[in-house]
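Report on the structure given below.
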There are 2 protein chains.
Amino acid sequence: MSYSRDALISLLQRHDIGPTHQRLEIAQVLFSRGEHLAAEQILALVNEHRAETSKATVYNTLNLFRDRGLIREVIVDPKRVFYDPNTQPHHHLYNVDSGEITDIPADDLVVSGLPELPPDMVTTGVDIIVRMRARQP
Amino acid sequence: MSYSRDALISLLQRHDIGPTHQRLEIAQVLFSRGEHLAAEQILALVNEHRAETSKATVYNTLNLFRDRGLIREVIVDPKRVFYDPNTQPHHHLYNVDSGEITDIPADDLVVSGLPELPPDMVTTGVDIIVRMRARQP
DNA sequence: TGGCGAATTAGACAAAGTCCAGGTATTAAC
DNA sequence: GTTAATACCTGGACTTTGTCTAATTCGCCA
């Protein structure tokens with residue numbers, strides 16, 4: 001799916017994010033692909049045609065988007081963080097060999113028996129990661 | 001709990017790991033504490049009294065232990081990997097503020113509705129991470 | 001047009017982890 | 001005991017991901 005410039009602007013604005021050129025470019029890459037991308041991949045994609053955005057801005061922007069709830073971090077690979085434009089509750093299937101991440105819809109999945117938290121604590125998220133690899137030949 | 005030198009030696013041997021001095025020191029730290037420790041913490045603990053083990057050896061040894069199934073990686077913090085001496089199935093409660101990790105026993109917990117994997121793939125593990133933080137004051 | 005705050009930038013920096021070439025132990029054989 | 005073979009360990013250079021800072025630039029509005 002592709003997003004019009006206006007759609008992206010209003011998306012950012014609904015999250016209290018000023019719609020600058022660089023932020024729109026980065027949002028474009030994230031939302032049009034709908035993939036799980038690492039910062040360095042986003043940096044490369046944004047500058048594919050001509051250099052438009054610096055490394056610092058990509059990192060700043062991803063942190064901003066994450067803080068504002070526009071995207072979500074996926075922590076499955078100790079080497080780098082992936083960013084997920086889908087903020088609906090869902091989980092992840094991680095191919096350990098290829099590094100590929102795919103979604104597991106949350107509504108197919110039920111978890112019961114989670115422990116009580118201490119009363120002054122709140123859950124910020126439940127991440128389920130199913131790791132898989134190719135069967136040994 | 002504390003482990004005797006002999007107990008550690010046989011533990012390593014059962015996992016096909018030659019019981020060298022440095023490996024025993026590292027195993028001692030991991031298994032006697034039973035905590036989730038990062039490599040740099042293990043390095044510091046092993047050298048607490050006198051320098052015995054280099055950074056390279058700590059990293060090599062942790063990777064070896066992990067490959068041989070003696071310990072498990074816990075990937076919850078993009079900044080560093082934690083190592084878990086408990087290889088029984090269980091999950092983790094992660095305090096986002098303090099970085100503290102505690103165990104959730106697997107038998108209290110039921111997950112249903114996990115998707116079918118492609119036939120040539122095998123699950124290498126299902127990690128569930130419950131992230132929590134202090135409620136806003 | 002000019003000025004102001006917000007955003008962007010290059011590049012230095014930091015931290016975690018890996019790699020390599022050389023040195024040290026341990027074992028085995030004589 | 002020496003020697004040889006092998007496995008292991010080490011310092012330090014290096015890589016990668018991400019952050020920080022101080023200076024510049026942008027975009028807006030009066």
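Below, chains carry the letters A, B, ... as their sequence lines are ordered, and counting in each starts from 1.
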If we ignore angles and hydrogens, is there a donor and acceptor under 3.5 Å between the side chains of H36(A) and D103(A)? yes
Is it the case that H90(A) and D84(A) place a side-chain donor and acceptor less than 3.5 Å from each other? yes
Please give, in whole Å, the distance from dT25(D) C1' to H21(A) NE2? 14 Å
Given side-chain contact (heavy atoms from CB on, under 4.5 Å), test I129(A) with V126(B) step by step and report yes or no. CA-CA 6 Å; I129(A) 298 146; V126(B) 177; over 6 Å; no
If you look at every strand shown and take non-hydrogen atoms under 4.0 Å, does A39(B) touch a base, only sugar-phosphate, or nothing? sugar-phosphate
If you check the T53(B) side chain, which of dT9(C), dT17(D), dT10(D) turns out closest? dT10(D)
Under 4.0 Å: is that the gap between some side-chain N or O of Y59(B) and OP1 or OP2 of dT18(C)? no
To the nearest Å, give me how far apart CD (E25(A)) and P (dC26(D)) are. 15 Å
Side chain of T57(B): nearest nucleotide among dG18(D), dT8(C), dC9(D)? dC9(D)
Take the protein atom CD of Q13(B) and the nucleotide atom P of dA7(D), then report the distance between them rounded to whole Å. 16 Å
Quick one: on DNA chain D, does K79(A) or S54(B) contact a more 5' nucleotide (nearest heavy atom)? S54(B)
Taking CG from D77(B) and P from dA15(C), how many angstroms apart are they, rounded to a whole number? 14 Å
Side chain of R80(B) (C-beta onward), nearest among dG17(C), dA12(C), dT8(C): dG17(C)
Among dT18(C), dT17(D), dG17(C), which is the nearest nucleotide to the side chain of N63(B)? dT18(C)
With a 4.0 Å cut-off on heavy atoms, is T20(A) in touch with a base, just the backbone sugar-phosphate, or nothing at all? sugar-phosphate
Counting heavy atoms from C-beta on, name the nucleotide in dG17(C), dT8(C), dT10(D) closest to the side chain of A56(B). dT10(D)
Using 4.0 Å as the upper bound for N to carboxylate O, is an ion pair formed by R131(A) and D127(B)? yes
Among dT19(D), dG17(C), dT9(C), which nucleotide sits nearest the side chain of V81(B)? dG17(C)
